[in-house]
2 protein chains.
Amino acid sequence: MRRDELLDAAEALLQDQGAQALTLAAVAERAGVSKGGLLYHFSTKEALVKGMIERLIADFDALIEAQGESTYTRSYVAATFEAVETGRLRRWAVVTGAAGDPALLAPLREAMARWMRQGLDDEPDPPASQIVRLACEGVWEVATHCSAIVDFAAVRARLLALL
Amino acid sequence: MRRDELLDAAEALLQDQGAQALTLAAVAERAGVSKGGLLYHFSTKEALVKGMIERLIADFDALIEAQGESTYTRSYVAATFEAVETGRLRRWAVVTGAAGDPALLAPLREAMARWMRQGLDDEPDPPASQIVRLACEGVWEVATHCSAIVDFAAVRARLLALL
DNA sequence: GCGGGTTAACCGTCCAGCCGGTACAGTAGG
DNA sequence: CCTACTGTACCGGCTGGACGGTTAACCCGC
């Protein structure tokens, strides 16, 4: 699908040049498409950003699902580290793109609430699970800004030990 | 100092209207100053954003220092929760303002590296401290996007118990 | 204690450039 | 004939920044 390539181009642009560089012309050029071609798929810039967010959420939910661990928290940890280590799911990039308009972040807030709560009460030690999930947020953050600092494998092992 | 009021206005604008709303005219109006007056203190928009970042880092470092706990990690936890609960230090707002240009985030990356590493090896259980600090990052994130979801006092107690 | 000079802090307007979006004519493939 | 584009030309609004005032406080010699 060409649509996905356009979203990829937008994400790549955000990742290595920041939000100011996210212009319709730049996205089109990076994707090897004319501006008209871009606007054919996303009739407005807002739609493009919305598309990035929705894809991010759907992909991460799918990644969690695909782990098939015994608890949601375990799957969540596994999905986080897989996303972070492989560089898939450029979450930071997408968020910066959407930070221009708070309304665009609403679906992400909703998803985040789900990621923090889902299945929490069914797990052996809910408060511990809560903290593990919060730490996963920290892992996202550190991985995108200064990944050299943390030994991800060690952190992962320790997080699983907490559960 | 008038300079601080201008930074306050910029942060407030970012917090409740997003990065697109951060224009020189809007900041000036919010601060009750003319555009010329704003440009007197910050000769360019980039300087304004830089000012917000530097202030954020300095304020948070000062907050950590002011806790005077026995270890850096304990002070870090205390500072995080104080910042989050009081609503001081609108970190998310500042970051979204700077996300337009990756170069502006460099000082923040540096600071974050410090926050994750400082005094780590002097503490009883470094890996545990690492995870506690990562969880603090998560607390920032959740507090700004969906604060209703987490019982901060409980999380704080549990984090301290981990140390 | 007063004119005059200096400076810091601030005002208000103007402009050039960019960017999102439109319009439209054309085209290759299926 | 339709989908999925290309390419060009264009527009109007917004924005960053430049610039030339203006005010008020303060200092200094006399």
Side-chain angles (χ1 to χ4, degrees), chain A residues 1-55 93-107, chain B residues 1-55 93-107:
Chain A
M1 190 75 107
R2 203 54 174 270
R3 212 181 125 99
D4 267 315
E5 293 171 31
L6 293 169
L7 294 176
D8 287 342
E11 284 187 10
L13 216 47
L14 283 168
Q15 183 153 45
D16 52 55
Q17 297 187 213
Q20 317 222 52
L22 191 76
T23 66
L24 295 179
V27 172
E29 194 192 1
R30 180 127 187 176
V33 169
S34 73
K35 194 172 152 183
L38 167 59
L39 284 162
Y40 176 79
H41 290 283
F42 300 97
S43 59
T44 179
K45 189 182 179 180
E46 198 177 313
L48 175 68
V49 176
K50 215 176 196 172
M52 282 195 285
I53 291 185
E54 282 165 5
R55 190 177 70 161
V94 173
V95 169
T96 57
D101 179 2
L104 290 170
L105 286 170
Chain B
M1 191 77 104
R2 204 51 176 270
R3 214 181 123 96
D4 267 316
E5 292 171 32
L6 293 169
L7 293 176
D8 287 342
E11 283 188 11
L13 216 47
L14 282 168
Q15 182 153 47
D16 52 56
Q17 297 188 212
Q20 317 222 53
L22 190 75
T23 67
L24 295 180
V27 172
E29 193 191 2
R30 181 130 189 175
V33 169
S34 75
K35 201 170 146 184
L38 167 59
L39 283 165
Y40 175 79
H41 291 284
F42 299 97
S43 59
T44 179
K45 189 181 179 182
E46 196 177 314
L48 176 68
V49 177
K50 216 174 189 173
M52 282 195 284
I53 292 186
E54 282 165 5
R55 191 177 70 162
V94 174
V95 169
T96 56
D101 178 3
L104 290 171
L105 287 170

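Here the structure is a predicted model, which means the values were calculated and not measured. Numbered from 1 within each chain, the chains take letters A, B, ... in sequence-line order.
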Between [N] atom [atom2] and [X] atom [atom1], what is the distance in whole Å?
{"X": "A:Leu48", "N": "C:dG21", "atom1": "CG", "atom2": "P", "value": "10 Å"}
{"X": "A:Gln20", "N": "C:dG17", "atom1": "CD", "atom2": "P", "value": "19 Å"}
{"X": "B:Leu39", "N": "D:dG16", "atom1": "CG", "atom2": "P", "value": "9 Å"}
{"X": "A:Leu24", "N": "C:dC18", "atom1": "CG", "atom2": "P", "value": "16 Å"}
{"X": "B:Leu22", "N": "D:dG16", "atom1": "CG", "atom2": "C1'", "value": "12 Å"}
{"X": "A:Leu38", "N": "D:dT6", "atom1": "CG", "atom2": "P", "value": "10 Å"}
{"X": "A:Tyr40", "N": "D:dT8", "atom1": "OH", "atom2": "P", "value": "21 Å"}
{"X": "A:Arg3", "N": "D:dA4", "atom1": "CZ", "atom2": "C1'", "value": "14 Å"}

Problem set entry | Carboxylate-amine/guanidinium proximity below 4.0 Å for B:Lys50 and B:Asp101 | no
Exercise. Taking all non-hydrogen atoms of both residues, which atom of B:Leu38 and which atom of B:Ala28 are closest, and how far apart?
Worked result: CD2-N, 4.0 Å
Seminar exercise, completed: Residues B:Pro107 and B:Ile53: closest non-hydrogen pair is CB-CG2, 4.3 Å
Exercise. Does any N or O donor sit under 3.5 Å from an N or O acceptor when you compare the side chain of B:Lys35 with the base of D:dG17?
Worked result: yes
Exercise. Do any side-chain nitrogens or oxygens of B:His41 fall under 4.0 Å of OP1 or OP2 in C:dA9?
Worked result: no
Problem set entry | Minimum-distance nucleotide to B:Ser34 side chain [options: C:dG12, D:dG7, C:dG20] | C:dG12
